[in-house]
Amino acid sequence: AGEALLDGEADPNEVDGDGWNALHWAAGKGCRLPLFHRILGMIHNVNAVNNDGWTALMDAAYQNHLDMVVSLMNHPGIDVNVQCRAKCTALHWAVINNSPAMVAQLVSDDRVDTSLKSNNNWTPLKFAIDLQRHECVKILREHGASEE
């Protein structure tokens with residue numbers, strides 16, 4: 001269906017009432033990687049946010065779509081440190097969803113700032129400790145993350 005819409009000249013940059021564009025939907029729901037890359041290539045702003053301030057990277061990280069996170073992180077325009085309205089980053093959401101593989105992927109990129117704090121003043125490591133995400137704690141500490 002997505003291919004058919006794009007072939008019919010649908011604009012993947014258009015947003016719905018919640019501010020979601022085609023990249024948000026593809027990153028959150030998952031799709032075949034060729035379709036995801038096609039949408040990614042047509043998006044004007046890879047860091048576009050929905051009404052809650054979520055980027056496609058945040059949703060892909062939260063939904064544990066590792067292949068899409070890798071594709072987004074390789075995009076030249078990506079900002080891996082965008083914070084949503086709750087001031088959480090993709091790394092915060094990966095920790096909250098208890099996804100050690102996603103956390104490891106995100107912190108493998110030197111651009112990812114592990115010191116950014118959410119609205120409740122918590123870093124991703126503080127979330128990991130409080131939520132007892134033991135493997136995430138280990139990975140974050142190995143990459144020099146701080147609670148403060």
Side-chain angles (χ1 to χ4, degrees), residues 1-2 11-148:
D11 183 359
N13 295 285
E14 288 184 22
V15 297
D16 65 15
D18 294 321
W20 292 70
N21 64 28
L23 189 62
H24 286 108
W25 282 107
K29 297 294 183 186
C31 66
R32 291 176 296 111
L33 213 47
L35 176 58
F36 185 77
H37 286 152
R38 185 171 176 198
I39 294 168
L40 183 57
M42 298 173 75
I43 290 293
H44 299 150
N45 178 7
V46 70
N47 301 305
V49 296
N50 67 14
N51 295 352
D52 291 320
W54 279 55
T55 63
L57 179 63
M58 288 176 197
D59 207 30
Y62 182 75
Q63 298 297 336
N64 205 27
H65 296 299
L66 187 59
D67 52 352
M68 293 178 189
V69 166
V70 170
S71 294
L72 288 163
M73 290 176 73
N74 287 328
H75 190 280
I78 195 72
D79 179 350
V80 294
N81 296 307
V82 173
Q83 292 176 281
C84 68
R85 287 180 32 199
K87 297 291 185 200
C88 290
T89 64
L91 181 58
H92 284 91
W93 291 115
V95 167
I96 290 166
N97 201 35
N98 197 22
S99 178
M102 191 65 65
V103 170
Q105 175 62 43
L106 289 164
V107 298
S108 72
D109 189 317
D110 292 337
R111 298 172 297 175
V112 173
D113 186 347
T114 61
S115 70
L116 294 175
K117 295 180 179 179
S118 65
N119 279 347
N120 61 354
N121 211 32
W122 285 14
T123 64
L125 179 56
K126 177 69 173 145
F127 267 111
I129 292 168
D130 188 69
L131 297 173
Q132 299 181 18
R133 309 294 198 230
H134 303 295
E135 189 65 24
C136 293
V137 169
K138 179 182 175 199
I139 294 165
L140 287 163
R141 285 191 170 143
E142 287 171 354
H143 283 86
S146 170
E147 284 182 62
E148 301 303 317

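Side chain of Arg85 to main chain of Asn51: a donor-acceptor pair is present (N/O by atom type, distance under 3.5 Å, no hydrogens or angles). Formation of a donor-acceptor pair under 3.5 Å by the Arg111 side chain with backbone atoms of Met73 is found in this model. A donor-acceptor pair is defined here as one N or O able to donate and one able to accept, closer than 3.5 Å; no such pair exists between the side chain of His65 and the backbone of Ala26. No donor-acceptor distance shorter than 3.5 angstrom exists from the side chain of His37 to the backbone of Pro34, with no hydrogens or angles considered.
The CE atom of Met58 lies 9.0 Å from the CG atom of Asn50; values are rounded to the nearest 0.5 Å. Here CG of Leu140 is found 10.5 Å from CD of Glu135. Values are rounded to the nearest 0.5 Å. Remark: Met102 CE to Gln63 CD distance equals 9.5 Å, nearest 0.5 Å. To the nearest 0.5 Å, atoms CD1 (Ile78) and CG (Asn47) are separated by 4.5 Å. Taken from CG in Leu23 to OG in Ser71, the straight-line distance is 10.0 Å, to the nearest 0.5 Å. Considering NE2 of His24 and CD1 of Ile43, their distance stands at 8.5 Å, rounded to 0.5 Å.
Remark: of the listed residues Leu66, Asn64, Val69, Asn64 is the sole one forming a side chain to side chain contact (heavy atoms under 4.5 Å, CB included) with Ser99. Of the options Leu91, Thr123, Thr89, a side chain to side chain contact (heavy atoms under 4.5 Å, CB included) to Thr114 is made by Leu91 and by none of the others.
Residues Leu125 and Val137 form a side-chain contact, since some pair of their non-hydrogen atoms from C-beta on lies under 4.5 Å apart. Using a 4.5 Å heavy-atom cutoff, the side chains of Lys117 and Lys126 are not in contact. Phe127 places a side-chain heavy atom less than 4.5 Å from the side chain of His92. In this structure, the side chains of Met68 and Cys31 come closer than 4.5 Å at one or more pairs of heavy atoms. Within the 4.5 Å cutoff, no side-chain heavy atoms of Ile39 are placed close to those of Trp25. Using a 4.5 Å heavy-atom cutoff, the side chains of Phe36 and Leu72 are in contact. Counting heavy atoms from C-beta outward, Asp113 and Gln83 have side chains that stay 4.5 Å or more apart. The shortest side-chain heavy-atom distance between Asn98 and Cys136 falls under the 4.5 Å cut-off.
Contact record, Asn21 with Ala48: ND2-CB, 3.9 Å, taken as the closest heavy-atom pair. Closest of all the heavy-atom pairs between Ile96 and Arg133 is O-NH2, 2.7 Å. The heavy-atom pair separating Ala90 from Leu57 by the smallest distance is CB-CG, 3.9 Å.
No more than 12 heavy atoms of other residues, nucleotides or ligands sit less than 6.0 Å from atom NZ of Lys87. Within 6.0 Å of CG on Asp110 lie no more than 12 heavy atoms contributed by other residues, nucleotides or ligands.
By the side-chain hydrogen bond (donor to acceptor under 3.5 Å, both in side chains) test, Asn81 is found to be paired with no residue, residues two or more places apart in sequence or in another chain being considered.
Using cut-offs of 30° and 60° on the angle between ring planes, the pair Trp93 and Trp54 is tilted.
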